[in-house]
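What follows is a short report on a single structure.
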Amino acid sequence: MNHGNKISFITLGCKLNFTESASLSELAQNNGFEKVKLTENPDIVVINTCSVTNNADSKCRQAIKKAIKNADSKPTIVITGCYAQLSPESFSAIEGVDIVLGNNEKFELIERLKNHTSNNAIIAVSDINKKSEFVSTYSLGDRTRSFLKIQDGCNYFCSYCTIPFARGRNRSDKISNVISNANKIAQSGIKEIILTGINIGHFGEEHQENLLSLLKELDKVEGISRYRLSSIEPNLISDEIIDFIAKSRKFFPHFHIPLQAGSNNVLKAMNRKYKRELFAERVAKIKSVMPFACIATDIIAGFPSESNEDFIDAISFIDSLNISYMHVFTYSERPNTKALDIKPIVPNSIRKERCNQLLELSDKLKLNFYKKNKDTEHYVLFESTNNHGFINGFTGNYIKVKYPFTKELINKIVKVKLLDIDEECTYTINLMN
């Protein structure tokens, strides 16, 4: 099969996927391909998939249809990522799909494209646990921030989750290489790095290193002004990590700590590694040393066996926590997970109702958190997008602000005062001298 050199990427799911798509894009461009938008009639479309929920699966199929429909001529369609790893045969049956690459094979993209001459879909998906090396990636597409992959895989096997089957077991980069990548990011002019992975709290274990040691070394990198952690498990965010971030000149008071359920009964059914009391203790510890810290969490609504009493208890517990907002997901059945055997099943209508109640609570928590910050002063890193005449940015504790669009503010860190919250829960500000 003859390929043109225009290539486009569609990325679905987590920030880890975005870092890997960015590295695939750089790899393609270094091998003579021209990266273009999907609207620019690409010769090749690479879709990096997610499979956390049924909705993620649906978005993947929609992306394939969109890639084929929008093209003047039929592009070569490459499917990779977690959904491809878990269900490769389902893609080979879709008309228009040419190559399916598992998570082990995705960085063989260029070789696979060059060698692909068949009119039939080629599947290259190996057992993720038999050949799973850590591949270092980071993103450079955003002028203000970069997502830096430090860890991959997970050993937890929560009863609802397919990630260990899609990503394999825990593995990490080495501190020396992470620092090297951070220096490269700094040289590009980017000011902020978000450390990403599947379970970053287990960073470095196979190298006799650990996350706290990495944070201390990153704090020394010149040129990077701000760091944030992506999701970290409540049983892995130690007092030492919290105290270090509280004193750091670069790591910001912004935490994403997944709770998943506010009931101990449901947490046990989920095979989580903690009880809700530990989560509450971690929140209290963070707030004791960083009172204005932003703490976000994940919650799954309608997990099997979640009774009405469990849910009411969970709502009360979550409302009592000093957290800032929630990412709420309606439970969806995933193939080969132990949750499929847990009874009773919560009807879809009740799942949706509980999800809506949790979203309402999240909105209340977020507004309360924003209000507590009114009239306080912060340093904001401004982004590059002109959003209906405004430029947006985020404070260190992840409060979104807006200011009349000013080109000179792009990728600048400016001291501001928070004034008023608009209907979109965004602060208007004054710039400080």
Side-chain angles (χ1 to χ4, degrees), residues 15-16 134 136 138 146-156 158 169-183 185-186 192-222 224-260 267 272-298 321-324 369 379 395-398:
K15 301 305 181 185
L16 196 57
F134 183 84
S136 175
Y138 55 87
S146 172
F147 295 95
L148 172 57
K149 175 182 170 185
I150 64 170
Q151 182 274 340
D152 202 349
C154 184
N155 298 347
Y156 276 10
C158 298
R169 299 301 179 91
N170 175 60
R171 55 200 185 278
S172 308
D173 208 344
K174 292 183 178 180
I175 289 178
S176 59
N177 195 55
V178 176
I179 299 304
S180 175
N181 286 335
N183 279 306
I185 293 168
E192 180 174 300
I193 289 177
I194 297 93
L195 303 181
T196 63
I198 298 298
N199 196 343
I200 67 171
H202 282 297
F203 170 84
E205 289 180 346
E206 70 270 44
H207 308 303
Q208 290 72 55
E209 298 176 338
N210 59 61
L211 182 61
L212 179 59
S213 296
L214 172 64
L215 305 189
K216 290 179 178 179
E217 292 303 311
L218 284 169
D219 211 41
K220 304 172 187 176
V221 174
E222 297 297 328
I224 299 298
S225 304
R226 298 152 71 104
Y227 292 101
R228 301 183 193 274
L229 300 182
S230 63
S231 180
I232 182 170
E233 295 289 309
N235 54 302
L236 297 176
I237 182 165
S238 64
D239 284 355
E240 291 78 11
I241 290 174
I242 294 169
D243 288 336
F244 172 77
I245 291 175
K247 298 174 183 177
S248 169
R249 62 193 180 99
K250 294 186 177 182
F251 279 87
F252 277 75
H254 174 209
F255 300 86
H256 189 112
I257 310 172
L259 174 58
Q260 304 301 9
L267 287 173
R272 299 293 285 167
K273 307 301 180 187
Y274 53 86
K275 292 185 177 181
R276 69 182 192 177
E277 288 79 10
L278 174 65
F279 185 91
E281 191 272 331
R282 296 292 80 199
V283 171
K285 168 62 181 179
I286 290 170
K287 288 293 187 176
S288 73
V289 292
M290 292 171 277
F292 288 96
C294 175
I295 304 175
T297 194
D298 295 332
L321 296 171
N322 195 0
I323 61 174
S324 309
F369 171 65
Y379 286 93
T395 64
N397 62 344
Y398 211 63

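Values below: every heavy atom of this structure, side chains too, minus hydrogens, waters and symmetry copies. Given the structure is predicted, the values throughout are model-derived calculations rather than measurements.
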If I take atom CZ from residue R169 and atom SG from residue C154, how far apart are they, to the nearest 0.5 angstrom? 9.5 Å

Could you label the plane-to-plane angle of the H254 and Y398 rings as parallel, tilted or perpendicular, counting under 30° as parallel and over 60° as perpendicular? parallel

Within the distance-only criterion (no hydrogens, no angle test), does the side chain of Q260 pair as donor or acceptor with the backbone N or O of R272 below 3.5 angstrom? no

Search all heavy atoms of N322 against all heavy atoms of K287 and return the closest pair with its distance. O-CE, 3.1 Å

Is there a side chain to side chain contact (heavy atoms under 4.5 Å, CB included) between L214 and I150 once you walk through the steps? CA-CA 10 Å; L214 172 64; I150 64 170; 3.8 Å; yes

At what distance, to the nearest 0.5 angstrom, does CZ of F203 lie from CD1 of I175? 5.0 Å

K247 atom NZ, over 12 foreign heavy atoms within 6.0 Å: no

Please tell me if the side chains of L148 and T196 come closer than 4.5 Å, counting only heavy atoms from C-beta onward. no

Are any side-chain N or O atoms of T297 and backbone N or O atoms of L259, one a donor and one an acceptor, separated by less than 3.5 Å? yes

Check whether any side-chain N or O of K285 sits under 3.5 Å from a backbone N or O of I242 as a donor-acceptor pair, and report yes or no. no

Would you say C294 and F369 make side-chain contact, with heavy atoms under 4.5 Å? yes

Closest approach of G204 and S172, non-hydrogen atoms and distance? N-OG, 2.9 Å

Show your reasoning for whether side chain to side chain contact (heavy atoms under 4.5 Å, CB included) applies to L229 and I245. CA-CA 10 Å; L229 300 182; I245 291 175; 3.8 Å; yes

Would you sort out whether H202 and Y156 count as a ring pair (Phe, Tyr, Trp, His ring centres under 6.0 Å), showing the intermediate values? CA-CA 11 Å; H202 282 297; Y156 276 10; 5.4 Å; yes

With a 3.5 Å cut-off and no angle check, do the side chains of D173 and Q151 form a donor-acceptor pair? no

I want to check a possible cation-pi pair here: K149 against F134, using under 6.0 Å from ring centre and within 45° of the ring axis as the test. yes

R282 side chain vs N235 backbone, donor-acceptor pair below 3.5 Å: no

Mind listing the closest non-hydrogen atom pair of M290 and P253 along with its distance? SD-CB, 3.7 Å

D219/K250 salt bridge by N-O under 4.0 Å criterion: no

Can you tell me how far CZ of F244 sits from CG of D239, rounded to the nearest 0.5 angstrom? 15.0 Å

Any chance you could measure S324, atom OG, to H256, atom NE2, to the nearest 0.5 Å? 11.5 Å

Any non-hydrogen side-chain atom of I286 less than 4.5 Å from a side-chain atom of V283? no

Looking only at heavy atoms, which two atoms of A182 and L218 are closest? And how far apart? CB-CD2, 3.8 Å

For N181 and S136, which I'm curious about, is there any donor-acceptor pair between the side chains at under 3.5 Å? yes

Within the structure provided, determine whether L236 and N199 are in side-chain contact (heavy-atom separation under 4.5 Å). yes

Side chain to side chain contact (heavy atoms under 4.5 Å, CB included) between L267 and Y274, intermediate numbers included: CA-CA 8 Å; L267 287 173; Y274 53 86; 4.0 Å; yes

Measure the spacing between CD1 of I232 and CD1 of I200 and express it to the nearest 0.5 Å. 5.0 Å

Between the side chains of S180 and N177, is a donor N or O closer than 3.5 angstrom to an acceptor N or O? no

Are the side chains of L215 and F251 in contact, using a 4.5 Å heavy-atom criterion? yes

Do R228 and E192 sit within salt-bridge range, that is, some charged N less than 4.0 Å from a carboxylate O? yes

Note, I237 side chain near L211 side chain (heavy atom, < 4.5 Å): no

Grab the two heavy atoms, one from S146 and one from I185, that are nearest each other, plus how far apart they are. OG-CD1, 3.4 Å

Do F279 and L321 come within less than 4.5 Å of each other through their side chains, counting heavy atoms only? yes

Show your reasoning for whether side chain to side chain contact (heavy atoms under 4.5 Å, CB included) applies to L195 and I193. CA-CA 6 Å; L195 303 181; I193 289 177; 3.8 Å; yes

Quick one: NZ on K174 to CD on E206, what's the gap to the nearest 0.5 Å? 9.5 Å

